[in-house]
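No hydrogens, no waters, no symmetry mates; every other heavy atom, side chains included, goes into these values.
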Number of protein chains: 2
Amino acid sequence: MPPLPSSHPAPTSLTIGETARRTGLSVHALRFYEREGLLVGPVERTAGGRRRYAEADVDWLRICVKLRESGMPLADLKRFAELVRRGPGNEAERLELLDAHRHRVEAQIRALEECRSLIAWKVGVYADHVARGKAEGLWDPTGPR
Amino acid sequence: MPPLPSSHPAPTSLTIGETARRTGLSVHALRFYEREGLLVGPVERTAGGRRRYAEADVDWLRICVKLRESGMPLADLKRFAELVRRGPGNEAERLELLDAHRHRVEAQIRALEECRSLIAWKVGVYADHVARGKAEGLWDPTGPR
DNA sequence: GGTTGATCTAGAGCGCGCTCTAGTTCCTAA
DNA sequence: TTAGGAACTAGAGCGCGCTCTAGATCAACC
């Protein structure tokens, strides 16, 4: 995937606050992810001990955010990070992990679409009743509630 | 054991275990939902104090399951149950609640589809590398990890 | 009557994914 | 030089949605 257009000209060294803003994660979450071993490499530090994130870290974090959004558990994200950290030679494993997740995402989409149909139908029923100003039938146990 | 479903000859009275089987919820969850006020009506009891669910309860619970699956929080489900319990006259409120949820579901579907694209792309990259038996480029920080 | 299994209540516990606190240190700007 | 904000660590806390436990009762069957 092409790198996302950045409004900033690649400073190559970001504070945790800037990284938070760019990834949408909180600074707390960033430190938490690091502690949990969810990052691929160790984060650089300044002489004073402050974290310095590289662009590559932001790229990885953005992928993490997407995977999390789609419901990948932190444990899987950690496994993936470990595989990447270990370097070449385990591409098949990474593939398997991602592909399994893709299947889960697709199942989730199908489930949501089904829910959407149910909701759309019920919304239609209510809209109808509201428009007609009458609600007869809404209490029929075999009908919509 | 009461007659099995399929050709619903109106059992009109299900144990909590049967209701669990029919809705996919656990018996624990069923009691929990009841305590939380997520049901529309009070559940009947036998002389001995056991719950007896009606078909209408199962219908409602199945709707609950769908709404939960699509991410509706229990608090909203409770609000909805309260509106239904109060009877006719608040259809507009019910409509609003459902419609808001529908919008959330649609946003969620769009987000998931975006994630799916990302994953599919990465799966493609890895499949390619695995197929070629080589992994050059995987460590380029500007490339896929 | 006795055994077995389903159900009952009240309430504690848990897994996940952060979020927040306390107390301290670092850095920048005036 | 000093004030203020941002960042640091370790660890506690939390919101959600169940899940499980303990100890008792109920119900069906041999």
Side-chain angles (χ1 to χ4, degrees), chain A residues 11 13-39 42-54 57-58 61 63-81 101 104 108 111 115, chain B residues 1-4 11 13-39 42-54 57-58 61 63-81 101 104 108 111 115:
Chain A
S13 182
L14 303 162
T15 66
I16 195 170
E18 286 168 308
T19 307
R21 253 168 274 127
R22 293 191 185 200
T23 58
L25 293 163
S26 72
V27 296
H28 295 296
L30 283 172
R31 290 192 279 244
F32 171 73
Y33 276 26
E34 185 179 336
R35 258 186 282 170
E36 294 294 298
L38 266 42
L39 303 188
V43 177
E44 304 277 318
R45 298 286 184 131
T46 65
R50 267 84 205 279
R51 290 172 180 82
R52 287 290 142 179
Y53 292 85
D57 293 320
V58 174
L61 284 166
I63 291 167
C64 289
V65 167
K66 279 284 168 220
L67 292 175
R68 285 287 306 125
E69 263 178 25
S70 55
M72 181 181 281
L74 292 188
D76 286 15
L77 216 38
K78 182 174 182 175
R79 273 232 311 138
F80 191 33
H101 184 58
R104 283 194 299 268
Q108 213 184 328
C115 294
Chain B
M1 183 188 271
L4 283 172
S13 182
L14 304 162
T15 66
I16 195 171
E18 287 167 307
T19 307
R21 254 170 272 129
R22 292 191 187 199
T23 59
L25 293 163
S26 71
V27 295
H28 294 295
L30 283 172
R31 290 193 279 244
F32 170 73
Y33 276 25
E34 184 179 336
R35 258 187 282 170
E36 294 295 296
L38 266 43
L39 303 188
V43 177
E44 305 277 318
R45 300 285 183 132
T46 64
R50 270 81 207 281
R51 290 173 180 81
R52 287 289 143 181
Y53 292 85
D57 294 319
V58 174
L61 284 166
I63 291 168
C64 289
V65 166
K66 279 284 169 219
L67 292 175
R68 285 287 307 124
E69 264 178 25
S70 55
M72 182 181 281
L74 292 188
D76 286 14
L77 215 40
K78 183 173 181 176
R79 273 232 310 138
F80 191 34
H101 184 59
R104 283 194 300 269
Q108 212 184 328
C115 294

Atom pairs under 3.5 Å: protein N/O with N/O of nucleotides 24-27 of chain C:
residue, atom, partner, partner atom, Å
C/dT25, O2, A/R50, NH2, 3.2
C/dC26, O4', A/R50, NH2, 3.4

How many whole angstroms separate atom CG of A/L25 from atom P of D/dA7? 14 Å

Within this structure, what is the OG-CD distance for the pair B/S13 and B/E18, rounded to the nearest 0.5 Å? 8.0 Å

List in chain and number order the residues that pass salt bridge (Lys or Arg N to Asp or Glu O under 4.0 Å) with B/R51, two or more places apart in sequence or in another chain; answer none if no residue qualifies. B/E34

Can you name the residues that form a side-chain contact (heavy atoms from CB on, under 4.5 Å) with A/E36, not counting sequence neighbours? A/F32, A/L38

Checking side chain to side chain contact (heavy atoms under 4.5 Å, CB included) for the pair B/R68/B/Y33: CA distance, chi angles, key distance, verdict? CA-CA 12 Å; B/R68 285 287 307 124; B/Y33 276 25; 3.7 Å; yes

Does anything in residues 30-37 of chain A reach DNA chain D, meaning a heavy atom under 4.0 Å, and if so which residues? A/R31, A/R35

Quickly work out the B/R45 CZ to C/dC8 C1' distance and round it to whole Å. 8 Å

Taking side chain as C-beta onward, heavy atoms only, is A/L39 less than 4.5 Å from A/D57? no

Where B/I16 and B/L30 come nearest, the two heavy atoms and their spacing: O-CD1, 3.5 Å

Quick check for you: to the nearest 0.5 Å, what is the distance between B/C115 atom SG and A/Q108 atom CD? 9.0 Å

Shortest non-hydrogen separation from A/V43 to A/Y53 and the atoms involved: CG2-CE2, 3.9 Å

Without decimals, in angstroms, what is the distance between A/R21 CZ and D/dA6 C1'? 10 Å

Quick one: B/L14 CG to C/dA6 C1', roughly how many Å, whole number? 15 Å

Between B/H28 and A/R52, the residue closer to the 5' end of DNA chain D by nearest nucleotide is A/R52

To the nearest angstrom, how far is B/L61 atom CG from D/dG17 atom P? 16 Å

Using heavy atoms and a sub-4.0 Å distance, could you list which residues of residues 66-79 of chain A are near DNA chain C? By number, please. A/R68, A/P73, A/L74

Close side-chain approach of A/L14 and A/R22, heavy atoms under 4.5 Å: yes

OP1 or OP2 of D/dC18 sitting under 4.0 Å from any side-chain N/O of B/S26? no

Nearest heavy-atom contact between A/G17 and A/V27 is CA-CG1, 4.0 Å

Return the value, rounded to whole Å, for the distance between atom CD1 of B/I16 and atom C1' of D/dT25. 15 Å

If I take atom OH in residue A/Y53 and atom P in nucleotide D/dA6, what distance separates them, rounded to the nearest angstrom? 16 Å

Could you tabulate the donor-acceptor pairs under 3.5 Å formed by side-chain atoms of residues 69-80 of chain B, not counting sequence neighbours?
residue, atom, partner, partner atom, Å
B/S70, OG, B/K66, O, 3.1
B/S70, OG, B/L67, O, 2.8
B/S70, OG, B/H101, NE2, 2.9
B/D76, OD2, B/R104, NH2, 3.3

